[in-house]
Amino acid sequence: MVEELLIRNGVVYDPINGVNGEKKDICIRDGKVVEEVRNPKVIDAEGRVVMPGGVDIHAHIAGGKVNAGRLFRPEDGRKGREAKTKVCRAQSGYSVPNTFATGYRYAKMGYTFVMEAAMPPLAARHTHEEIVDIPILDNAALPLIDNNWMTMEYVKSGDTDLLAAYIAWMVKATKGYGVKVVNPGGTEAWAWAKNCDLNDAVPYFDVTPAEIVKGLAEATEKFEMPHSIHVHGNMLGHPGNYEVTTSTYDLVKGIKPYRDRPTMHATHTQFHSYGGTTWADFESKAGAIADYVNKNEHVSIDLGSVILGDTTTMTADGPMEYSLYQITGRKWTNHDVELETGSGITPFLYSGKVSVHTIQWAIGQELALLIKDPWKLALTTDHPNAGPFIGYPIIISMLMSKRRRDESAEDMHSAIYKRAELPSIDREYDLNEIAIITRGMAAKTLGLHEHGKGHLGVGADGDVAIYDLSPEEREAGKIQKAFLNTKYTIKGGEVVVKDGEVVAAPAGKTYFVTPECDEKLTEEMMTHLKDKFEHYYSVTFNNYPVQDAYVPNPYEIKAPWRS
Amino acid sequence: MQTIRLKLKEEITSGIAKIPVEVDSLTPDKLFGKNEAEIKAVKVWWGNKEENTGDLFDVSVEGEAASADEVKIVMEGDLSRVKHIGDGMKAGEIEALGDVDMHCGAMMQGGRVTVKGNADCWAGREMRGGELIIEGDAGDNLCAMYRGEMTGMTGGKVTVGGDAGECVGQYMAGGEILIKGNAGILTGLNMKGGKITIEGDAIMPGADMTGGEITVKGKVRDMMPSFKFVETATIEGEEYKKYLGDLAMMEKRAKGVLYVK
């Protein structure tokens, strides 16, 4: 039976197709946007804001460390508890919600795609198992390929082609989407109780983080990869790190991307935009970072904007979590992933009464307001590191209302007036810009717009968010409320949220990339790789790759070798 | 004065599984102003099912109350699988005639709960005010925090007629606990404030404490080596040694006071 849906008279914001607040009908047949429909079910969106389904470019929602975070924070599981309904499974958690709550809450905010931002390759199966348990959302995951021994050895020997072959194998073996970099070299150094700055040599391997980033960017661009390298740089969260950040951006400047996208996506940039030398003279350098991004085309960012309150920080950047634990004295856990990466977790409270947290809070928003072209940035909170994703509507309302920012600043530490720029910025986002940073930019940067995500052109997926919001609304509280619970969320042509309640919870798809590498090259790389498995890995080569059964709703994107 | 009698029907927890009943919806402040029929319709959890109070308990109401303070709930029957008695209660009185299950008086803010028997683990968990009297023994984690939280009891008064289990007052920040018998291992673990008195013996009291006061009138077994002797002090005519600790939490944070004989 043909399923048809007509969304009538909505005010549509579809920035990828240049639709900026036009009154327009959206027709969907069999889950896809079409020109017209004959006998549809009709949704009246009269006067309401209509956008494509949201696309989150970076969040930690599945896998080993998210689950470890849940286990290690039973007090977080006390929050957000909701009993099961006819449609929904039981929910719990705030900063580390269970898989079900993750799907429902994103869907209620109008999101339909979320990128799991850090998948340790060895834990890829676990990650995919959790992704399967996240209802409604389409997902993909980025495997960590930067602190791997194989990577560092190929960077050292300068064999970019072999590195590319290794990337191809790894992305395929993990059913991953691209190449994630987290504190390159530093996480390996952490296994030696050290950390690495951009130009420090990694213990034993004798390569620098700068060489790793450059090597991975060059190797990634050997393929027609939909997404560039996705980089969490060195010295995250350290005062004065902004110069490391811009130096990292410089590394990939000359590399030609396969299509019109940046060669580096720099993630949670808020944590990388710090001035000062200690926490005492800590200050915002968002201006310097924004200036760089404004002048260059080879780098895109996401915000990592802070949500005040309690959260659970978790990252593959093990040494950084240890520094954080030393500041707070709260509980901390650390994990080593053999030959590949590591991770750490510790709870954290962002308080508006603390000068450093206040400045961090300001930086995330400053970046959004100082970078002129919204196509260069995506809204994230690096969930849950700077705050849980459920706080996105707060950030949206701040960006759209200078008044709300000013009122909030008044209640916060006075450092915001001395060591941050936010109070002096007048810019306010409009709904079109919000649509860009919450769906358009992420879809384009991930290359998903070519696969039906993040827009409403003919052929796109029938993923639509209808907000109970008039385009003229300026009141921040009402904007926040509207973006937290949609009037309707439609996923693949099916109504999944109605009036802020989840009414259907279909399974989502898993997107993964298959880089296609020359056989001879693969064969040569394989001799090195098999040696690693024989001598060092605790699992065998044959047991390593994720089987197809772990991805029950696959969406494959092929990435041929660039001639 | 109004008395609400709730007698658990025998068949409810008589099965092999002894499925627990959770009664945090049955506090004086929540039942105040309701007549018998309305009380019978209040929902309580029985295992994973929500049931009417009237289906699980024989309910009778006597007298009138002008406020929740004048409401007294008397719970009868086999209460050993009845959890959350007086959980979150704000005013009035509850009397439980027998042994009760976990979380009795948890999150309590006011009023009084009297248990005429033993209370299982987590009694008085995160209690903020009011009074909890356990005439028999208390289980583990009396007046402690929920797993993972950093604050336990912050106010109110708890009296245990018998012994108490492990980790009494963990992360306690305020209020008073009196244990007339012995306490298990690690009383006042991570304690930050408030006062605990143990008339009997204790094992390793005060570990990781940074504030508050613990007095042990009986013997202390395995005294923490990380406490510093300060002076001798006289309490109620008896001589005690006063210690400060726990130095394992760094000297400047070691503000806990421990009195032992």
Side-chain angles (χ1 to χ4, degrees), chain A residues 65-98 100-101 308-314 321-334 344-351 353-354 357 384 388, chain B residues 20-22 24-25 42-51 83-84 87-88 102-103 106-108 121-122 125-128 140-141 143-154 167 170-173 189-192 207-211 226 246-256:
Chain A
K65 66 185 178 301
V66 180
N67 211 38
R70 293 184 192 117
L71 290 169
F72 144 110
R73 296 213 65 195
E75 74 277 21
D76 190 78
R78 281 177 104 174
K79 301 174 197 160
R81 284 187 298 182
E82 279 180 57
K84 68 173 181 181
T85 66
K86 281 194 179 121
V87 178
C88 295
R89 309 258 315 244
Q91 302 176 53
S92 76
Y94 170 67
S95 65
V96 274
N98 65 0
F100 313 121
L308 296 176
D310 184 59
T311 196
T312 311
T313 67
M314 53 177 64
E321 290 289 348
Y322 181 69
S323 325
L324 205 56
Y325 154 68
Q326 285 191 310
I327 294 168
T328 64
R330 291 178 75 177
K331 55 190 167 184
W332 163 70
T333 177
N334 183 65
I345 311 173
T346 192
F348 197 79
L349 179 75
Y350 291 100
S351 163
K353 307 285 170 217
V354 177
H357 305 173
Chain B
V21 182
E22 297 184 16
D24 46 322
S25 54
V42 171
K43 298 285 180 198
V44 289
W45 286 97
W46 185 34
N48 62 2
K49 292 191 179 71
E50 234 178 350
E51 306 278 355
K83 295 180 178 181
H84 294 275
D87 187 334
M102 296 193 279
H103 304 286
M107 315 281 289
M108 207 174 146
C121 304
W122 302 106
R125 165 179 57 77
E126 296 165 324
M127 187 166 160
R128 296 174 215 168
D140 298 334
N141 307 91
C143 303
M145 77 305 163
Y146 180 75
R147 295 281 187 226
E149 295 286 1
M150 293 177 77
T151 302
M153 179 179 184
T154 54
C167 301
Q170 186 176 3
Y171 276 109
M172 178 172 175
L189 181 62
N190 290 102
M191 187 172 172
K192 303 186 279 191
D208 283 3
M209 78 190 284
T210 53
S226 46
D246 182 343
L247 295 167
M249 302 301 283
M250 297 189 305
E251 191 153 7
K252 65 173 183 194
R253 289 181 63 207
K255 300 254 171 67

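Just so it is clear: chains get the letters A, B, ... in the order the sequence lines come, proteins before strands, and each one is counted from 1. Quick caveat, the model's predicted, so the values are computed rather than measured.
Residue Tyr322(A) qualifies as open at atom OH: its count of foreign heavy atoms under 6.0 Å is 12 or below. Atom CZ of Phe348(A) is surrounded by more than 12 heavy atoms from other residues, nucleotides or ligands within 6.0 Å. Within a 6.0 Å radius of CZ in Arg147(B), no more than 12 heavy atoms belonging to other residues, nucleotides or ligands are found. Counted within 6.0 Å of CD on Glu50(B), heavy atoms from surrounding residues, nucleotides or ligands total more than 12; the atom is thus considered enclosed. The 12-atom threshold is exceeded at NZ of Lys331(A), counting heavy atoms of other residues, nucleotides or ligands nearer than 6.0 Å.
Contact annotation for Met145(B): neither backbone nor side-chain heavy atoms come within less than 4.5 Å of a heavy atom of chain A.
The stretch residues 73-82 of chain A places Pro74(A), Glu75(A), Arg78(A) near chain B, each with some heavy atom under 4.5 Å from a heavy atom of that chain.
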